[in-house]
Amino acid sequence: MSELRAVLSNEQILEQVTSNKKFYNNIQNVEEPHIEAIFSNSDEELLAQIGYKPELKRHFSTLQCFGVAFSIMGLLPSIASILAQGLVAGPAGCLWGWVISSLLILTIGISMSENGSSIPTSGGLYYWTNYYAPPKFKTVISYLIGNTNSIALIGALCSVDYGFAQEILSIVVISKDGDFEITPAKTYGIFVACVLAHIGITCFSSKNCAHLQTTSIIVNLFVIVLFVIAMPIGARGNFKSASYVFGTFDNLSNWPMGWTQLSAAWLPAIWTIGAFDSVIHMSEEVKDAEKVIPIGILGSITACGSIGTIILIITFFCVQTDDIEGHLLGTPFGFPMAQIIFDVLGKKWAMAFMALMAFAQFLMGASILTAISRQIWAFSRDNGLPFSRWIKKVNTTLYVPINAVWFGGIMAIIIGLLVLIGPVAANALFTLYIAGNYIAWGTPTFLRLTTGRHKFKPGKFYLGPVFSPLIGWVSTTFIVYTVVMVMFPAEIGVTKDTMNYTCVITPSVFILSLIYYYVYAHKIYHGPCKTVEVDAPINYIDGVVLSEESGEKDSDTEVKIHEKV
């Protein structure tokens, strides 16, 4: 059966959206997008079905798309940055926690790949939320997810650049044989300099940013290979036993043993393998997006999960002490990994490795600011952020959303002020990234499995009607658990020194977003907007376009509205 879909002007759409309460202030409640990824003939055609005109160059290849996620994860420097969290559970607890959580993270990646293959757009997470949510709640839920994802990604940049600052300072401490005091002010100073450098790099053209991903892959793999070769050579004759590596569980916190093994032990993988959504945000800059997105997401998760397991096994076999709490967690270098490398290879090698890891971490920050800017730009394109009119402008020479890059960098410098409070507050940068992202990742999948299941049309990556919902529910359950888990403090008995600021920051993002939405944003944010126009009616039969005529465009903002006749 066919249906005619009438074309109205953008002004007529907005009048319906804002004046007619049955549309709940959402454009998609007036106009239902007709998205058929499986039948699209090109990236531009599919993007037009989603509702957007192409504004960014598709410079990213499949390898470079994979490289965005892989380089942001920056395996060895990321493990070094958060190893202290996992060592609280002992070497075996940290290792098996990595393996288990990696497999559970893969289920999130599978669900996200199905979503991305079906509707590939830079603002995927909030767009999917809007698409699958019940009509009454589309606007406010998608607005919350757009804000949460934006803040979480900025938190990711903060945590990466904070790790970079720690690595730089650890090199100084090693070079001065411990005769150097690391202070919050010094750490923040290096952090700010790093963010500013990333802004400069990311403002280069999209093509240069694409090449940066290839460079980052090479650097990360080089550091990993060097580590895997050098550490066993340096520790030869003094390896830990297999029972120590695979069977020594510990509890160096005042939480019960079981909770430590299901929380601290899982954090290294949850934080490290957590940048695969960056592939989604690059959707409008990759060729053949509906195929490349699943490859980038699942390839990066699988690679990091398996290689990370090897790195941890080698690291724990090469540990030269039995005093994890005093010697490693209490190291004057500020990094347990720096102490482990120092014990095995000596001062010069430790400095060299930390310098290489710092360089790899620096490339991570550049990659993640690229992904952040695309999410911020996409959300501003739909008027979701303050100053959206300024943020969403794309440099027509470089085809880069430079204003979005600056906005993301400045926000990172502001949120990074937590570093000045002290190490405990700074750790909230890690868990803020986790909590915010996991909420943004899980919401669209949950809605697709419930209220929006009748609207889901699979793309070229789909596991079928049995395994797709099964894995979707596993991933959703894991996400709920993780969000609750990262809100807990490191120790029982909360003081100003042990406070987990994530439980304050994450709800604050929701509350402030709601306040801003109801005070002002509801006037300008109406869900994802259309930036393409089709002047003639389109006739569909069972999702297939039978005929289409296009007239001349007279506006960049005019969009079409589909109504049954």
Side-chain angles (χ1 to χ4, degrees), residues 66-87 91 94-95 97-99 101-102 105 156 159-171 174 194 212-235 245 267-276 299-319 328 331 333-345 348-368 430:
F66 162 85
V68 172
F70 185 78
S71 61
I72 293 174
M73 293 181 194
L75 205 50
L76 186 56
S78 289
I79 290 174
S81 295
I82 202 167
L83 183 63
Q85 298 276 0
L87 280 175
C94 183
L95 175 60
W98 176 281
V99 173
S101 51
S102 295
I105 291 167
S159 61
V160 167
D161 285 2
Y162 174 65
F164 170 82
Q166 287 183 308
E167 287 164 351
I168 292 296
L169 289 170
S170 71
I171 296 172
I174 294 172
C194 184
L212 181 66
Q213 311 316 315
T214 305
T215 303
S216 188
I217 292 174
I218 295 171
V219 170
N220 274 283
L221 289 177
F222 172 76
V223 174
I224 291 169
V225 170
L226 185 62
F227 181 86
V228 168
I229 294 174
M231 289 294 284
I233 293 175
V245 175
L267 276 177
I270 289 173
W271 183 77
T272 301
I273 311 176
F276 45 88
S300 59
I301 293 174
T302 303
C304 287
S306 54
I307 297 173
T309 302
I310 295 172
I311 290 173
L312 287 177
I313 290 174
I314 291 174
T315 299
F316 294 143
F317 266 115
C318 295
V319 168
L328 297 184
T331 174
F333 301 153
F335 254 40
M337 183 64 83
Q339 184 66 60
I340 293 171
I341 297 173
F342 181 88
D343 292 341
V344 173
L345 300 175
K348 292 183 178 179
W349 271 99
M351 291 177 62
F353 260 113
M354 294 310 298
L356 286 171
M357 284 194 286
F359 180 58
Q361 187 110 345
F362 181 83
L363 294 178
M364 289 167 56
S367 296
I368 200 164
F430 293 86

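As the structure is a computational prediction, the values presented were derived from the model and not from experiment. Worth knowing before you read on, the calculation uses all heavy atoms, side chains too, and leaves out hydrogens, waters and symmetry mates.
Contact annotation: the side chain of Leu87 approaches that of Pro336 to within less than 4.5 Å [non-hydrogen atoms, C-beta and beyond]. Taking 4.5 Å as the limit, some side-chain heavy atom of Ile217 sits within range of a side-chain heavy atom of Phe66. Between Ile341 and Met357, the closest side-chain pair of non-hydrogen atoms falls below 4.5 Å.
Contact record, Gly308 with Ile79: CA-CD1, 4.1 Å, taken as the closest heavy-atom pair. Of all the heavy atoms in Ser81 and Gln361, the pair that sits closest is OG-NE2, 3.4 Å. In terms of heavy-atom proximity, Ile270 sits nearest to Ser101 at CG1-CB, 4.2 Å. Smallest separation of non-hydrogen atoms from Ser102 and Ile301: O-CG2, 4.5 Å. Taking every heavy atom of both residues into account, Ala156 and Ser159 meet most closely at O-OG, 2.8 Å. Ala338 and Ile174 get closest at one heavy-atom pair: CB-CD1, 4.3 Å.
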For this session: With side-chain contact (heavy atoms from CB on, under 4.5 Å) as the test, would you mind laying out the steps for Leu312 and Leu83 before giving the verdict?
Result: CA-CA 9 Å; Leu312 287 177; Leu83 183 63; 4.0 Å; yes
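The distance from the CD1 atom of Ile82 to the CE atom of Met337 is 12.5 Å, given to the nearest 0.5 Å. Between the CD1 atom of Ile229 and the CD1 atom of Ile224 there is a distance of 12.0 Å, given to the nearest 0.5 Å. Within the model, atoms CG of Asn220 and CG of Leu76 stand 8.5 Å from one another, a figure rounded to the nearest 0.5 Å. Taking CZ of Phe316 as the reference point, atom CD1 of Ile340 lies at 7.0 Å (rounded to 0.5 Å). Here the CD1 atom belonging to Ile105 is positioned 4.5 Å from the CD1 atom belonging to Ile273, to the nearest 0.5 angstrom. Separation of atoms OG (Ser300) and CZ (Phe70) is listed at 9.0 Å; rounding is to 0.5 Å.
Of the candidates Leu345, Leu226, Ile311, Met231 forms a side chain to side chain contact (heavy atoms under 4.5 Å, CB included) with just one, namely Leu345.
Between the side chain of Thr272 and the backbone N or O of Ala269, no donor-acceptor pair lies under 3.5 Å. Between the side chain of Ser78 and the main chain of Met73, a donor-acceptor pair closer than 3.5 Å is present.
Between Phe353 and Phe227, the ring planes lie perpendicular to each other; the angle is over 60°, past the 30° to 60° tilted range.
Taking Phe342 as the reference, Phe333 meet the ring-ring contact (aromatic ring centres under 6.0 Å, His included) condition, with sequence neighbours excluded. Under the rule for a ring-ring contact (aromatic ring centres under 6.0 Å, His included), Phe335 has no partner lying at least two apart in sequence or in another chain. Considering only residues two or more places apart in sequence or on other chains, Glu167 meets the side-chain hydrogen bond (donor to acceptor under 3.5 Å, both in side chains) condition with none of them.
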